[in-house]
Amino acid sequence: MSIFKRLKIAIVNLISGKSPVDIEELENLLIEADFGVSLSSELASKLKKNTDVKSILTSEFNKIFNGYIKDIDTFGHKPFVITLCGVNGSGKTTTVAKLIYKFKSQGLSVDVSACDTFRVAADTQLEKWTEKLGCKLFKGTNKDPASVAYVALNETESDVLIIDTAGRLPTNKNLMDELQKIYRVVKKIDASAPHLNLLVLDATTGQNAIEQVKSFGNVSPMDGFILTKADVGAKGGFIVRIVNELHIPVFGIGTGEQPEDFKMFNINEFVENLIEE
Ligand SMILES: Nc1nc2c(ncn2[C@@H]2O[C@H](COP(=O)(O)OP(=O)(O)OP(=O)(O)O)[C@@H](O)[C@H]2O)c(=O)[nH]1
Ligand SMILES: [Mg+2]
């Protein structure tokens, strides 16, 4: 049985008073669901004193997320430059499609820079989305990714430029240096860019997410993160932990593989998901 399923059962039991709930067990389940040790013990001790679990969790999360749930806005910059980074397969390219869709539905024009230049499949994947959603793609198979970003930012006439990067592990120094170069080159053209540097995190990642935020943040400060695969992610407690410990905002969650499957993080829904039977 999944951690979340067990967590739900424990919480439902606590709410209904059906069976005595072991608070220590609840705390362990929260830890296993990636809420982190200190937050789990804090939440469990609050839950011990009060049986209205839903309102306790909602009010605790409201405190933690206060000011840290953000919508993506271009704040009047043109071009508004967004960089997406993250580990392999976290959902960056799919998120590009979601952001194009979002901006286009606000009447903004969007260009994309394909900075995953070493995999032919990466270009094909982005091409599919940019053609479908009607925007220009700057690409350069086998070229230095930073040079593709440079040309894209120099030439774009659109309201928004989204820079998709290749998946990489923070432990790979060469690939992290390559990412650093993309930021450096972008800054040469516009010192204020990227205006939004986002880490794309897979909901099934678990505790490692904290390390990812720190490591990618060392290359260029993270303005926030996007959680993908919230529709399949069994875990997700780490979102609370990231915001609580690292104080960076969540700029949206991916709920499927299509461009429209993107929305703002919602505390009530998150709590509902935790406690529903
Ligand atoms: N169910 C679901 N699947 C998703 C979501 N986001 C991405 N995916 C799927 O996850 C897989 C990887 O997504 P990509 O967007 O290619 O990930 P990436 O980070 O660009 O991958 P690399 O460029 O290889 O590092 C694809 O099969 C996507 O369709 C989501 O929110 N929900
Ligand atoms: Mg990709």
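Whatever order the structure lists them in is the order used to number ligands and atoms, beginning at 1.
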Q. If you measure from each non-hydrogen atom of T94 to ligand 1, which part falls under 4.0 Å: side chain, backbone, both or neither?
A. both
**Q.** Inter-residue atom distance C115.SG - L179.CG, 0.5 Å rounding
**A.** 9.5 Å
Q) Going by distance only, is there an N or O of T95 that falls short of 3.5 Å from an N or O of ligand 1? A) no
Q: Distance to 0.1 Å, residue and atom name: give those for the protein heavy atom nearest to atom 12 (C) of ligand 1.
A: G89 O, 3.8 Å
Q.
Check this for me, if you would: do K136 and D111 make a salt bridge, where the nitrogen-to-carboxylate-oxygen distance has to be below 4.0 angstrom?
A. no
Q: Take every heavy atom of G256, measure it against each atom of ligand 1, and state whether any distance is under 4.0 Å.
A: yes
Q) Quick one: does S90 get within less than 4.0 Å of ligand 1, heavy atoms only? A) yes
Q: Apply salt bridge (Lys or Arg N to Asp or Glu O under 4.0 Å) to K229 and D202, showing your working.
A: CA-CA 6 Å; K229 310 184 197 181; D202 180 329; 3.2 Å; yes
Q) Looking only at heavy atoms, is any part of T255 under 4.0 Å from ligand 1, and if so is it the side chain, the backbone, or both, or is it neither? A) backbone
Q.
Can you tell me if D261 contacts ligand 1 (heavy atom of the residue under 4.0 Å from the ligand)?
A. no
Q | Heavy-atom nearest option to atom 16 (O) of ligand 1, drawn from K98, Q125, E257 | A | Q125
Q: Below 4.0 angstrom from a heavy atom of G167, which ligand 1 atoms are there? Numbered from 1 as shown, please.
A: 25 (O)
Q) Given K229, K92, R168, which one has a non-hydrogen atom that is nearest to atom 10 (O) of ligand 1? A) K229
Q) If you count the atoms of ligand 1 from 1 in the order shown, which ones are under 4.0 Å from a heavy atom of T93? A) 15 (O), 18 (P), 20 (O)
Q: Report the C-alpha distance between K263 and E269 in whole Å, list the side-chain angles of each, state the deciding distance to 0.1 Å, and finish with yes or no for salt bridge (Lys or Arg N to Asp or Glu O under 4.0 Å).
A: CA-CA 12 Å; K263 59 183 182 181; E269 273 175 27; 2.9 Å; yes
Q. Taking only heavy atoms of N88, which atoms of ligand 1 are found under 4.0 Å from at least one of them?
A. 25 (O)
Q. Is it true that K139 and E127 have a side-chain N and a carboxylate O under 4.0 angstrom from each other?
A. yes
(Q) Distance check below 2.8 Å: does T165 bring an N, O or S atom to the Mg ion (ligand 2)? (A) no
Q. Do the charged groups of D144 and K181 touch, with an N to O distance under 4.0 Å?
A. yes
Q | salt bridge (charged side-chain N to carboxylate O under 4.0 Å, His left out) partner of E178, the single match among K143, R184, R168 | A | R168
Q) Quick one: do the T141 and D123 side chains pair a donor with an acceptor below 3.5 Å? A) yes
Q | Residue pair T255, D231: steps toward the side chain to side chain donor-acceptor pair (under 3.5 Å) verdict | A | CA-CA 5 Å; T255 57; D231 52 321; over 6 Å; no
(Q) I need the atoms of ligand 1 closer than 4.0 Å to a non-hydrogen atom of G254, numbered in the order shown. (A) 31 (O)
Q.
Side chain or backbone, does A230 bring an N or O within less than 3.5 Å of an N or O on ligand 1?
A. no
